[in-house]
Structure formats: C-alpha cells, structure tokens
Amino acid sequence: KLNKLFSRNWANNLCFQSYISREKIIHRIRRDVPDTLSDSSIVFPIVHDEMDLRKSGINLRAGTQIGRVSMLAGGFRLERFKVSQTSKSAFNDPLGTQFRDGILYMVLNFIIDDLDRFPFPQKGQKHYISIGGASNFILGTENFINLEVSLSYYFTLLKKHTFSQRFMFSFADQKLPPVERKYIGGILPSEKYQDIGVFNYVPFIGLSPRSISGDIMALLHTSYRFSFSKKLFIGTLFDWGYAWHYNKTINETDFEFRKSTFNNFIKNAPLGFGLGLSYNSLIGPINLSWGTILLNFEKLIKNFNIHSLNKNVIYFSIGHDF
C-alpha cells in the first residue's frame, strides 16, 4: 500500500495472492437406488454424498483509496480447479465423477468501511459491491457474470449494547461451477480480507458449515452484543436466508425479480437463531456459540434434498479467519 504525497485521503494498493487449496464438502442426501442384481423392488438409500474441491491459482488486485473510507479496486483471478464427486455407493458411480477446468475471473469492486475497530466494532458501516465474470472466449470453458452485494451497519447504545444489521445478495446469470457457488452454513470468525477469500463461505447460524449451496443467495443477518468488558462479550444472532440453483438441463432457475420470488422466500427461507460468547484475546477472537433453526427446518431438508440435519449445532473457533 502506498500513500500519495501530501495526502492521507488518497492511496494506491496492490495485492498479490497465490494459493493451493482443497475443501471436502460432505452432504447426507436421500436417494433410493434399486438393486439391479437381484430384485428391482429393493432399494438402497444413499446417505453420503461427498464433493472434493481443489483449486490453485493467482489473484491480483489493484485499487485506489477514495477519501478516508472508500476504495475502488479491480483485478483478475487465474486458476485451475478440479472437482471430484462420489456417492460412496457400490451401486452408483463407485469411483466418483471427476472433471478439471480453468477459469479467468475478472472483477471490479467498491468498498466503504468506516468501522471504528476490528474485530467487534461498535459503530460504523461496511458496504461491499462487486461485479465480475468469466468468459470462455478468453480462457477455459466457464462463462458467467456474478454480482455480490453486502451492506452492514453497527451502532451502540449506552456503551454496552451493540446492534448490527447486514444484508447480503449474490446473483449469477447462469449456473456456476462448484468452486464459485455460495456455501452457506456455520459461523466464521470476522473476515477482514473477505474480498481475497479462496472459497465463498457465507455464515448462517443454526446450520453446519457448508450445509447448502446455491448460484443465487439472499440473506438477512441481525445481531445483538453485550459488552461485559472491553474484551468479553455475549450476544444473540439471527440469520434468515435462502439459496437458488439453476436447473442443469434448461439452465433456468425459479428466482426472478418478481413478487413471487419474495413470497417464495417468506414461505421457505429458514430462520436461524444462536447465542454466543466471545473473548478478544492476543491471538484473535475466541468464539463459542450454539445455534438452531427456528422456522422451516423440515422445508429446508426437503427443498435441498438433505437426508439429515442436526437440530442443534455447537461452534468453536480461535483466531482470525484467513
């Protein structure tokens, strides 16, 4: 990062990141497979579906600070990824399906951040708007446009009671490759460098990490935090959100910018609730939380074809999320 001469309000920055990453995502999915060897009337339930995501590449971002609290940046990400998927069944693709691909992802983002401190801010706002995409005309076989919006606001009453609101929305114009989807569930430590994250994690209290995924996502997050001291906090969290997939065959989704989509959200979106205890240590925040789904738990299992889902989830983390 380089400050411009005679001014603290303008600065240039350059970020270079190289990475090799692997993520294993396990879903318990209900799918009945007939026994073709003896009696077709006998079915075997498959309850273990595993996807292995591997990716490596480089990420280059350059930007300029505009004033004291905003930044405009752009860049590209060049990577290769491999997806391996298996149902862990001798009756259905026992070796798993695999494919490799390459992608050149171009992105432009705008950030406003005037939070008073990190982590555990007491006042301020942080907004993030990003638009990017990949084209098979340039490199690889992927071709899509992706829009991401995150709007958050913090305020504190009587120096002890901190409230926050956050709205997140992600939209893609067609089906995304597995490495670009939004993976929803879990509760992560505060992400200071979310714009250079390798995988697209979206915290959702009450769900296990990466319980569901989607090409399009909308989420409302509300939290309250009480300060026992400058380092010890207790709080409550609410997450209300949903994800949509594109149909593989016709490349269409049931998401539209219409009232029917809003009604579908109200009817099916799960509502997560949680309680948490946090301590701001020298090595970063230490968090212990409990979460559950208050509304639409059964609909969540049905709509996303999940065989089983824990009703109560415990989360524990130490340090910052990188």
Side-chain angles (χ1 to χ4, degrees), residues 17 19-31 46-59 76-89 92-107 130 132-136 138-148 168-186 188 194 196-204 207-219 241-255 300 303-307 309:
Q17 177 191 33
Y19 54 89
I20 299 175
S21 183
R22 177 181 179 181
E23 186 73 11
K24 196 175 294 289
I25 300 175
I26 299 175
H27 290 153
R28 301 188 68 186
I29 299 176
R30 178 77 184 192
R31 188 185 302 122
I46 297 175
V47 298
H48 186 182
D49 191 72
E50 181 178 307
M51 180 164 59
D52 185 74
L53 306 180
R54 303 185 188 189
K55 61 193 302 187
S56 61
I58 59 173
N59 185 12
F76 69 90
R77 184 176 73 243
L78 178 63
E79 69 183 21
R80 294 280 294 176
F81 66 85
K82 177 183 178 181
V83 179
S84 303
Q85 188 164 9
T86 175
S87 59
K88 294 295 184 183
S89 169
N92 184 12
D93 197 9
L95 299 179
T97 58
Q98 301 185 7
F99 66 87
R100 296 176 180 266
D101 212 340
I103 185 173
L104 175 61
Y105 186 80
M106 311 293 291
V107 65
S130 172
S135 173
N136 53 17
I138 302 175
L139 179 69
T141 59
E142 301 301 326
N143 186 34
F144 62 87
I145 296 176
N146 192 23
L147 171 68
E148 299 179 35
M168 297 181 65
F169 177 72
S170 177
F171 176 82
D173 66 334
Q174 57 184 291
K175 187 172 184 61
L176 296 175
V179 292
E180 296 296 330
R181 295 174 193 159
K182 295 294 183 182
Y183 291 92
I184 304 172
L188 296 176
Q194 183 180 6
I196 60 172
V198 178
F199 287 102
N200 299 317
Y201 297 150
V202 179
F204 195 109
L207 292 178
S208 300
R210 301 171 297 279
S211 291
I212 61 176
S213 65
D215 306 307
I216 302 172
M217 182 268 310
L219 175 68
Y242 199 70
W244 293 263
H245 283 99
Y246 274 90
N247 186 291
K248 293 181 180 180
T249 305
I250 60 177
N251 199 32
E252 291 184 359
T253 178
D254 55 355
F255 179 90
L300 176 66
N303 293 339
F304 289 89
N305 195 26
I306 304 174
H307 177 65
L309 200 63

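These values consider heavy atoms only, across backbone and side chains, with no hydrogens, waters or symmetry-generated copies.
In terms of modelled atom types and a separation under 3.5 Å, the side chain of H245 and the main chain of F304 share no donor-acceptor contact. Distance alone, capped at 3.5 Å, is enough to place a donor-acceptor pair between the Y246 side chain and the D173 backbone. Judged by distance alone, with hydrogens and angles left aside, the side-chain atoms of D215 form no donor-acceptor pair with the main-chain N or O of A172 at under 3.5 Å. At distances below 3.5 Å, not a single donor-acceptor pair connects side-chain atoms of N146 with backbone N or O atoms of G132.
Using the six-membered ring where Trp is involved, F169 and F255 have ring planes that are tilted, between 30° and 60° apart.
Here the shortest heavy-atom pairing between S170 and E148 reads OG-CG, 3.9 Å. Scanning both residues, F81 and K55, for their nearest heavy atoms gives CB-CB, 4.0 Å.
Distance CD1/I216 to CD/Q174: 11.0 Å, rounded to 0.5 Å. A distance of 11.5 Å separates CD1 of I20 from CZ of R54, quoted to the nearest 0.5 Å.
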Chi angles and distances behind the side-chain contact (heavy atoms from CB on, under 4.5 Å) call for Y183, E23: CA-CA 11 Å; Y183 291 92; E23 186 73 11; over 6 Å; no
Carefully, step by step, assess L176 and K182 under the rule side-chain contact (heavy atoms from CB on, under 4.5 Å). CA-CA 9 Å; L176 296 175; K182 295 294 183 182; over 6 Å; no
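Judged by a 6.0 Å distance limit and a 45° cone about the ring axis, R77 is positioned over the six-membered ring of Y105.
Within the 4.5 Å cutoff, the side chain of L300 has heavy atoms near those of the L207 side chain. At least one side-chain heavy atom of F144 sits under 4.5 Å from a side-chain heavy atom of P177. Two residues are said to be in side-chain contact when any heavy atoms from C-beta on lie closer than 4.5 Å; I103 and E180 meet this criterion.
Y242 and F204 have their aromatic ring centers separated by at least 6.0 angstrom.
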